[in-house]
Amino acid sequence: MASFSLIVLISVSFTVFLSVSAEDARVSTADLSSSGQAMKHRKNFTYVCDPERYKHLGLNVLKFSFCDSSLSYSTRAKDLVRRMTLAEKVRQLGNKAYGVPRLGLPKYEWWSEALHGVSKIGPGTFFDTVVPGATSFPTVVLLAATFNESLWKNIGQVVSTEARAMYNLGRAGLTFWSPNINVVCRELCPRTPGRGGSRIRVQPGRTPPQDCDSIQVMVDNHKYLQDTKEDAVARTLKAGEYAMLLSSVYIQGKVQVKDIDTSLEYLYIVLMRLGYFDGNRAYDKLGKDNICTDENIELAAQAAREGIVLLKNNKTLPLSTNKIRKIAVVGPHANATFPMIGNYAGIPCRYVTAIEGFSKYAKVIYRIGCDVTCKNESLIWPAVRAAKEADATIIVAGLDLSVEAEGLDREDLLLPGYQTQLIQQ
Ligand SMILES: *[C@@H]1O[C@H](CO)[C@@H](O)[C@H](O)[C@H]1NC(C)=O
Ligand SMILES: *[C@@H]1O[C@H](CO)[C@@H](O)[C@H](O)[C@H]1NC(C)=O
Ligand SMILES: *[C@@H]1O[C@H](CO)[C@@H](O)[C@H](O)[C@H]1NC(C)=O
Ligand SMILES: *[C@@H]1O[C@H](CO)[C@@H](O)[C@H](O)[C@H]1NC(C)=O
Ligand SMILES: *[C@@H]1O[C@H](CO)[C@@H](O)[C@H](O)[C@H]1NC(C)=O
């Protein structure tokens, strides 16, 4: 007999996002190279200005002013950029910076991502047997629904700690991108006051692109200024931000060398702050033991608990394990794994499906009821029968990335197909 139903909607969407500044939360950066071969040797790479690095070649990197740690980062970055030819400079401006071997400057892949945990999107980060997974926090719509700034900060710190550990193991960069809420939204966007907390990075009126394909998006999608590719590149550089995708576009007189220099100097200052040039004793010992720890996984669970919105509870919850012995777990996401992690995801430490979770407390009868698209009602009746046999029914319904994703808008706000009928039955 089904006395009641709990409906859990899984919704995946990527828009809102929180970013924790490097300063506040040790979000880090750097990677010797993204090529497989160089990655193998990555383990022995220490830092750019390690005097041991080229000792065997008779090169002492400390003779370069950019390696003189008594100077300011700004002075050092200027020195480094000053030593590059124009051709060398241009090769440092894409998400893949090719490095300058004659200066001992390694390749660097700027493209790692960490939206709700270290992500596997982007060539700068990968998972393998050394780091099989990282803590996956709930998707950002759910994190936002916690309205808990200190929780966001804790999450930012865990993500950055795991990211730094992965960097130390040669599995990630030191700098991470995340998709951002549309920064043109102005009044609609929350601005979080105060320093020290995680901030939703919204700067009204100032919308410089710095993503891996933003220049392309400006030209091909926004078309706002009717720019050519070269115009867009020039505009981006002059906005004082990092032009991450310069590709091979040469700058047709629309940009002066000093604009490129300034952009590059910013980049190297960031890497210097993160220890790429001088090492970073405080974080160098982070490693495998700091990834997927019980505390980190518990923080993800806490975030899930705080973010879930209980719409109505007419004396139904909490369920009593004494009275509820048999639970029907129903719906397209009752046995979901991958759909739970949304987009911009990495590989989670582990999955716990709804079936597994509820099986700890009661006997579970599983009937899918509907797949996500749920084009017909044929599977609904077995689910209804299961519900009738059970003391309680949990329906895990909702979308997945085939219904709504970045670049894939939903056609309506309803549940797909016959999912609503499944719930109503
Ligand atoms: C690291 O250095 C050691 C000693 O110099 C060397 O034997 C080893 O092959 C290096 N490892 C990698 C991954 O390059
Ligand atoms: C917000 O998060 C903090 C830090 O994780 C936690 O201690 C606190 O209980 C949370 N606040 C609420 C209202 O849940
Ligand atoms: C709560 O449940 C009771 C008993 O089933 C019902 O009479 C009442 O109308 C419900 N209240 C609301 C607000 O749904
Ligand atoms: C859940 O899905 C997994 C595959 O992802 C499958 O191996 C398992 O049998 C499913 N569980 C049930 C109860 O159907
Ligand atoms: C109904 O949907 C199920 C599951 O997607 C499918 O196996 C079945 O062939 C469909 N039946 C009809 C009549 O379309």
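Here, residue 1 is the first one in the sequence, and each next residue gets the next number. Atoms within a ligand are numbered from 1 in the order they appear, just like the ligands themselves.
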Evaluation steps, ring pair (Phe, Tyr, Trp, His ring centres under 6.0 Å), between Y283 and Y167: CA-CA 10 Å; Y283 306 132; Y167 166 69; over 10 Å; no

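- For ligand 2, the 4.0 Å heavy-atom shell takes in N148, S150, L151, N154, Q302, E306, ordered by chain and residue number.
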Please step through salt bridge (charged side-chain N to carboxylate O under 4.0 Å, His left out) for the pair D68 and R76, ending with a clear verdict. CA-CA 7 Å; D68 181 348; R76 293 171 64 185; over 6 Å; no

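- Take S136 and apply the side-chain hydrogen bond (donor to acceptor under 3.5 Å, both in side chains) test, not counting sequence neighbours, and it matches no residue.
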Could you give me the CA-CA distance, side-chain angles and deciding distance for E406 and Y344, then say whether side chain to side chain donor-acceptor pair (under 3.5 Å) is met? CA-CA 10 Å; E406 183 175 12; Y344 288 90; 2.6 Å; yes

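- For F66, the ring-ring contact (aromatic ring centres under 6.0 Å, His included) criterion is met by F64, not counting sequence neighbours.
- A salt bridge is absent between K323 and D391: the closest approach of a Lys/Arg side-chain nitrogen to an acidic carboxylate oxygen does not fall below 4.0 angstrom.
- Those atoms of ligand 4 that come under 4.0 Å of a heavy atom in N335, given as number and element, are 1 (C), 2 (O), 3 (C), 8 (C), 10 (C), 11 (N), 12 (C), 14 (O).
- Atoms of ligand 3 found under 4.0 Å from any heavy atom of K312 (numbered from 1 in listed order, with element): 14 (O).
- Identified under the side-chain hydrogen bond (donor to acceptor under 3.5 Å, both in side chains) test for residues 293-310, with sequence neighbours left out: N148-E306, E162-N296, T293-E295, T293-N296, E298-R305, Q302-E306.
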